[in-house]
Each structure stands twice: as C-alpha cells, then as structure tokens.
There are 2 protein chains.
Amino acid sequence: MSFPPRYRAKSRVDLSGEESRAKAVAVATELFATAGFKGTSVAAVAARTGLSQSGLLHHFPSKAALLAAVLEERDREDGDFLTGTTTPPLGWAAFDSLTALVARNSTRPHLVGLFVRLAAEGTEPSHPAHAWVQQHYASMRTWLAEAVRTGQKSGEIAADAPVETLVRTTIAVIDGLQQQWLLQPEDVAMAAEFEAFTDTLRARWSTVDAG
Amino acid sequence: MSFPPRYRAKSRVDLSGEESRAKAVAVATELFATAGFKGTSVAAVAARTGLSQSGLLHHFPSKAALLAAVLEERDREDGDFLTGTTTPPLGWAAFDSLTALVARNSTRPHLVGLFVRLAAEGTEPSHPAHAWVQQHYASMRTWLAEAVRTGQKSGEIAADAPVETLVRTTIAVIDGLQQQWLLQPEDVAMAAEFEAFTDTLRARWSTVDAG
DNA sequence: GTCTATATTTCGATAGAC
DNA sequence: GTCTATCGAAATATAGAC
C-alpha cells in the first residue's frame, strides 16, 4: 500500500498565480478604501495577502500598477452600470437607476470608501488616480446629461430645466451622502436621502401636462 | 568712514518666534490642502517655512500637533460663521448664509482643499482629524436643522418638510460641489450651483400663503 | 529659537536563490 | 511564483550645541 506521493514539496499544484493576484487586488482595495493610496504601504498589502513584499511586486511592478489593477477591477464590477448598458436609461428613469446604484453602494462600504478617498486624493494632477477620477466624473456627467436631454425631448422633463446644474448637483448629492455615510453608516440612509432628493427634482422640473 | 556694524551675525533681532509659528501653520495648511495629511511630510513644511525640520518641531512637538494647530486656525478663520454669530440666521435666510459661505470658499481653494482631503481621510476613527471632522458635521447639522425648524415655526417653511433630509442633502451638495470644483475650478461655479439648489428647495418647501 | 547630527522606522523597489 | 536579503530614500522624532 502506498500513499499518493507528493512529488517534491516544491510542486504545490495550486496554480495560484492567478489566485494570489486576485487576492492582492481585493486586499489592496480594502486597504486603499480605509487608509487611502498614500496611507497604504505595499508591505501591508503583501502581508494581508499572504505574500512577501517581493512576492506581491512580482504581480504588480509598482504600487501605482497595483492601484491601476484595483481601479480596473472596480470599473469592471459596476462598469456595466453606465457604459455596459446597450440602452441608456432615459429621462427620470435615469434617476431611478442612480437610486438603485446608491442602494447597492450602501451594501459595499469598501467601494464607497475607495471612491471617496481616491476622489479626494486624486484632484491633484500628480496623483496616480487623477486621470481615473477625471474620467469617472466626465462619464458620469455625460451619461446623466444625455439622459436628462432625452427626457426633455420626450417631454417628461421641462424644456427649460438647467441640465448642467441638475447633473452637477445630482452628482454632488451622491458624493456628499457617501462622505456622511462613511462617517456614520448607521445614521445615514443614503438611498432614501437620495430618492427624496430626486423627488424634489421631479416636483420642480417635471412637465405638468397631466390628464 | 564706517559701516553700521552688524553686532554678531547671531543676533537677528526679528523676535520671530511667533512669526515662524504662524508661517508654519500657513504652509502646513497649504500642503495639507493639496497632498493631504498623510501625503505631507514635516520636512516639506519645514523647508517651505524656512526652518529646519527640528526648528519646526520646536513649535509643534509632533506632526499631529501641527495638524491640530492648522485646524484650530481654520476654525478661527471662519468659525464666526456658525458659532460666533449671536443671532443665528433663521428659516430660508440660513440658506442665503450658506450661499455666501460657498461664494467665499470659491475664493479660498486652500481651505476647500484642506477640508475635502481631511474629511476623506478623517472618516477613519484612527485618523488624527477624525474628531474634528465629526465635530464639523455635527455642528453643521445642528445649526442648519435649528434654522429650518425655526423657519417652520415662523411659517415660511412648510411644517411637513423633512428637516433631517433637507439638512443632510444640503450639506451633501456643498461637499459634493467642492469635490467637483477642486477637480475643475474653471468649470464649476459653486455658489451659483448651490443657489440653484436652494431655489429648488424653496420652490418645493416654501409655504404658499402669498398675497 | 534654531540649528546640525543622528536614531529609528518604514517606505518603494531590486537582485538573485529556489 | 515566491522567497530572503538588501538597497537607497524618506519618514517621524530626539539629543545637544549655539
């Protein structure tokens, strides 16, 4: 009788190259989300991943590359929301989609923390997340502005509604609520607060031609 | 003929103890505002102040103490706004005061940058600015909520207006606009955007007993 | 009050063995 | 693919001369 031999302790058959990388990205997301990019060390990510610092840097040649991977993953996770949809939401329905997004964010503190901290750090042009932050806001504005204009053409949103202001303010409310929610998750109902805001917008800018 | 003697190069008569300290606080404010607390080194503050690192640490025993001094100074500069006033603004007038505050902030990128970055870093309980951030939001909420309730009692704000939601959303708009403004100062008219938001609030929650 | 010098960590990144 | 070892730079903070 023989045991299935472990040919050389060396050959751990886990093929875990991919796994290690994925775990590192998850860990980095969590740490960047709480301590920010500058406040997180590569060593800390490596330790929690279960790798040495060099082991981690094998997958990501630099800290900035690690950040890039984190951002890419984040975009992939909820990127379907804005860009992936073949049919962009129209008119007021776009605000319902945003409410759904906010509700979903309420269950993912890591993603919210990541965004709030990187957005704050990333206003500086020299920050490695700067381009990403700019792109995020630009695409958000474009998407929402188009939805509003579509609503105007279809007649459900008043033609004289100030589109750019609606867009900027709506985005501001989302960001500002996230900030307050991070400070007091128990006391701030992001989705409900945001929905109340959209109700105010509808009350003000809906077309009145009822029955 | 003789030159006015410089008695010992040692005796610079500047008495600049106070001056150095004040300049250090100003420099630290500027650096914290752009790179955040974690992203700013004591050495960098010292260098721009015109002191050695040790010279700076003579005035502030630690980096956290320097931050405390910065926050104290910031509170002093615009602290009159919320707490210093003997007569707190009432009803909708409170929102006019906020518009004025936002307009004033539009001329002080340093203070806005400082706040946005510290607010983001400071959601973490372990961050040296955490208590300050909490206090800031708490006093803001208290001040605005009281103003709104006063407006309800006086009859200019609808009695069924959701006070807490109005307060949280208004603060969120201010914070969110600051974030966008830091990213694109030229493209974002914070005060105008905020005023448009307050107009929407008034349109929705003002008492209608005209004439 | 400010300096030079230094102690002590920690950082991001590289070299090379296995 | 992961490790140990190490580098050079930068961080916070302290000691002590002037």
Side-chain angles (χ1 to χ4, degrees), chain A residues 6-28 31-32 34-71 117-118 121 124 126-129, chain B residues 6-28 31-32 34-70 117 121 124 126-129:
Chain A
R6 296 197 226 148
Y7 302 107
R8 286 169 315 182
K10 196 62 179 310
S11 77
R12 300 171 57 222
V13 202
D14 51 13
L15 287 187
S16 64
E18 199 68 17
E19 280 178 12
S20 288
R21 204 195 122 100
K23 177 159 189 185
V25 170
V27 168
L31 293 186
F32 289 166
T34 50
F37 178 72
K38 287 178 178 173
T40 300
S41 71
V42 176
V45 177
R48 293 215 195 184
T49 305
L51 285 179
S52 71
Q53 192 179 359
S54 310
L56 176 66
L57 288 178
H58 167 74
H59 298 281
F60 312 94
S62 70
K63 192 188 179 185
L66 175 58
L67 173 63
V70 165
L71 294 178
R117 278 170 245 286
L118 290 185
E121 289 184 25
E124 280 302 289
S126 61
H127 194 281
Chain B
R6 297 198 225 149
Y7 301 108
R8 287 169 315 180
K10 195 62 179 312
S11 79
R12 300 168 56 220
V13 203
D14 49 15
L15 286 186
S16 64
E18 199 68 17
E19 281 177 13
S20 288
R21 204 195 122 100
K23 177 158 190 185
V25 170
V27 169
L31 293 185
F32 289 165
T34 49
F37 178 72
K38 287 177 179 173
T40 300
S41 72
V42 175
V45 176
R48 293 215 196 184
T49 305
L51 287 179
S52 69
Q53 192 180 356
S54 312
L56 175 66
L57 288 178
H58 167 74
H59 297 282
F60 312 95
S62 70
K63 191 188 180 186
L66 175 58
L67 173 63
V70 165
R117 277 169 245 285
E121 290 185 24
E124 279 302 288
S126 62
H127 194 280

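In what follows, chains carry the letters A, B, and so on, assigned in the order in which the sequence lines appear, proteins first and then strands, with residues in each chain numbered from 1.
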Rounded at 0.5 Å granularity, tell me how far [atom1] in [X] sits from [atom2] in [Y].
| X | Y | atom1 | atom2 | value |
| --- | --- | --- | --- | --- |
| B:Leu67 | B:Phe60 | CG | CZ | 11.0 Å |
| B:Leu56 | B:Lys63 | CG | NZ | 11.5 Å |
| B:Leu66 | B:Arg21 | CG | CZ | 9.0 Å |
| B:His127 | B:Glu121 | NE2 | CD | 3.5 Å |

Name the nucleic acid region contacted by A:Thr49, choosing base, sugar-phosphate or nothing; use a 4.0 angstrom heavy-atom cut-off, strictly under.
-> nothing
Sugar-phosphate only, base, or nothing, as touched by A:Gly39 at under 4.0 Å among non-hydrogen atoms | nothing
Tell me which nucleotide among [options] gets nearest to the side chain of [X].
| X | options | result |
| --- | --- | --- |
| A:Ala43 | C:dA13, C:dC11, D:dT4 | C:dC11 |
| A:Ser41 | C:dG12, D:dC3, D:dA13 | C:dG12 |
| B:Ser54 | D:dA13, D:dG1, C:dA5 | C:dA5 |
| A:Leu51 | D:dA11, C:dT2, D:dC3 | D:dC3 |

Any idea which heavy atoms bring A:Leu31 and A:Arg48 closest together, and the distance?
-> CD2-CZ, 3.8 Å
Roughly, in whole Å, what's the span from [atom1] in [X] to [atom2] in [N]?
| X | N | atom1 | atom2 | result |
| --- | --- | --- | --- | --- |
| A:Leu56 | C:dC11 | CG | P | 13 Å |
| B:Lys23 | C:dG1 | NZ | C1' | 16 Å |
| A:Leu57 | C:dC11 | CG | P | 13 Å |
| B:Gln53 | D:dA13 | CD | P | 9 Å |
| B:Lys38 | C:dC11 | NZ | C1' | 14 Å |

B:His59 or A:Lys63: which one's nearest nucleotide on DNA chain C is closer to the 5' end?
-> B:His59
Indicate whether OP1 or OP2 belonging to C:dT2 is found under 4.0 Å from a side-chain N or O atom of B:His58.
-> no
Establish, with yes or no, whether the OP1 or OP2 oxygen of D:dT2 is under 4.0 angstrom from a side-chain nitrogen or oxygen of A:Ser20.
-> yes
